[in-house]
Amino acid sequence: MDLPPGIAYFLNQLSLLFLPLGSHLSLTSLACALVIAVAFVAYGRWRRRRRVRLRTIVRALFPRRILLSPSNFADLGFLFYNLFLSGLLFSWTVVSYQFLTNGIMSGLAAAFGPVAPTTLPAFVARSVITVMLFLAYELGYWLNHYLSHRVPFLWEFHRVHHTATVLTPVTNFRVHPVYTFVFVNILAIATATANGIGNYMFGETAYQYAFSDTNIILVIFIHTYVHLQHTELWIPFSGALGRVFMSPAHHQVHHSTNPAHFDKNMGSCLALWDWMFGTLYVPAKEPEKLSFGVEPDNAAVHTLTGAYIDPFYRAAALVRGALQRQAAVPSLRDAPKT
Ligand SMILES: [Zn+2]
Ligand SMILES: [Zn+2]
C-alpha cells in the first residue's frame, strides 16, 4: 500500500525512534526502565512493611502532578521537534568523523612511523576500540556539558533543559538546537580522536561492537538506568560505585535548584570524568529534598518562543554587553603618551 509521503515519513521516524535496539528511546529500553522502576518502588514499600499493590505502584510512577504539568507537555513538544523536524531542517555535524579519524591516523604514522597490523584476535581489537569509543563519548559529553554550564553564551541555550520543573524520560529531548549542534560536533571530535588512536594502535581498522551504530556499552546503560535519570525516583549510587557511575539520583541533583548542587554531575552514564575533574556530587543514600527548574514560576519557558527563540535574544544581549564593555575600556594605543 502506497502511503502519502508525509505519513510515510512520520511512521518511518516513529519506527526509527522506538524499534532499533540502539535508539536512545527504544521500546526495549523503556520496558527495562519500567521493570526496574516497578521493582524499586515495590521493594521500597515491602521494606517499609507497606502493602505492595499495583495501583499504588502505578500512582507512584505516574503521578498526575507530573503527567499534567506544563513542563511535561513542553517536553513532548521537544520530542516532536526532534523526531520530525530537526532532521528536515539541518545537517548537524560540520566536523567529519571519518576525515578527522584519517587525519589522526596519518598524523600518528608521520610522527611515530607506521604500525604493522595486529596479530591479536579480532575480538580483542574490537573490544578495546568499543571501550575507547565509549570513554571518548563520555568525555565529549562531559566536556560539552561543562562548557554549556560555564560559558555564559552556551548556558543560555543549555538552560532550556534546566527549565524543566518535572523530570520524565522525555525531558532528555528538552534541548535547544544550538546545544545539539555544539554537542554533536564536540562528540565527533572526541570519538574520532579515540578511533584514530585505536586504529593506529592496531595497525588496521577495528570496528566497535554496536547496535544500529550505537556503542554496545552505551546501549547497555540506556537499558539499565539512563532513562531513570530523568524521573523523580531517588535511586542513588554511593561509595566507590557513586564515583564511577552516574546514578539517577546523581542527575536529579544536577537539575536541583539548591546552589550547593549547581554545576555538578555533568556526565552521562559515568561519574568518572566528574570525579577526575572535580565536578562530582555523590548523592546521599536517603532521598534529598529537591526542586527543579531555573525559573519555576515563569510559564513562558514551556512555550515555543520561550524555549526556542528567547535563548537567541538572551545570548545576543550577552554578546552586545561584552562588546559594549570592551568599547568602554580605552585601549593602550589611545592612551596619552607621557
Ligand atoms: Zn546541565
Ligand atoms: Zn537532564
Side-chain angles (χ1 to χ4, degrees), residues 24-25 29-30 33 37 66 69-79 81-82 137-184 186-187 190 218 221-222 224-237 245-275 277-283 288 290-296 301-302 307 311 314-315:
H24 283 242
L25 203 65
S29 64
L30 288 171
I66 291 180
S69 86
S71 180
N72 185 36
F73 288 119
D75 289 355
L76 293 168
F78 273 100
L79 175 65
Y81 162 78
N82 278 289
Y137 168 88
E138 285 291 318
L139 180 60
Y141 187 103
W142 181 90
L143 178 64
N144 171 63
H145 201 174
Y146 179 81
L147 293 174
S148 297
H149 275 254
R150 304 308 288 266
V151 177
F153 178 85
L154 294 177
W155 166 249
E156 292 306 339
F157 298 101
H158 179 54
R159 81 196 282 285
V160 171
H161 183 65
H162 286 268
T163 55
T165 50
V166 296
L167 300 181
T168 82
V170 182
T171 310
N172 205 20
F173 291 86
R174 188 189 185 103
V175 285
H176 195 279
V178 171
Y179 172 88
T180 307
F181 177 77
V182 179
F183 173 60
V184 294
I186 287 183
L187 219 53
L218 185 56
F221 280 111
I222 294 171
T224 46
Y225 61 73
V226 166
H227 288 314
L228 299 171
Q229 290 173 335
H230 288 113
T231 65
E232 299 184 18
L233 287 177
W234 187 260
I235 306 178
F237 300 158
F245 299 109
M246 185 68 56
S247 71
H250 278 76
H251 192 71
Q252 288 152 20
V253 162
H254 178 73
H255 277 266
S256 158
T257 53
N258 180 347
H261 299 152
F262 288 177
D263 302 338
K264 300 287 189 222
N265 299 350
M266 313 277 193
S268 172
C269 311
L270 299 183
L272 203 60
W273 298 116
D274 282 292
W275 185 32
F277 296 125
T279 52
L280 179 65
Y281 178 99
V282 178
E288 296 186 41
L290 303 180
S291 60
F292 307 118
V294 286
E295 284 182 285
V301 297
H302 306 303
R314 299 168 69 111

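Just so it is clear, the values below take in all heavy atoms, side chains as well, and ignore hydrogens, waters and symmetry mates. Order of listing sets the numbers, starting from 1, for every ligand and every atom in it.
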Output, in order, the C-alpha distance, side-chain angles, deciding distance and verdict of side-chain contact (heavy atoms from CB on, under 4.5 Å) for Asp263 and Trp155. CA-CA 11 Å; Asp263 302 338; Trp155 166 249; 5.9 Å; no
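A side-chain donor-acceptor contact under 3.5 Å links Asn82 to the backbone of Phe173.
For His254 and His161, the distance between ring centers is not under 6.0 angstrom.
For His145, the N/O/S atom at the shortest distance from the Zn ion (ligand 1) is named NE2.
Put simply, the angle at the Zn ion (ligand 1) from NE2 in His149 to NE2 in His254 is close to 100°, to the nearest 10°. Between the NE2 atom of His162 and the NE2 atom of His158, the angle centred on the Zn ion (ligand 1) amounts to 90° when rounded to 10°. The Zn ion (ligand 2) forms the vertex of an angle spanning NE2 of His255 and NE2 of His161; to the nearest 10 degrees it equals 100°. At the Zn ion (ligand 2), the vertex angle linking NE2 of His230 with NE2 of His251 is 90° (nearest 10 degrees).
In this structure, a donor-acceptor pair under 3.5 Å is present between the side chains of Ser247 and His250.
Heavy-atom minimum distance, Arg174 versus Val160: NE-O, 3.0 Å.
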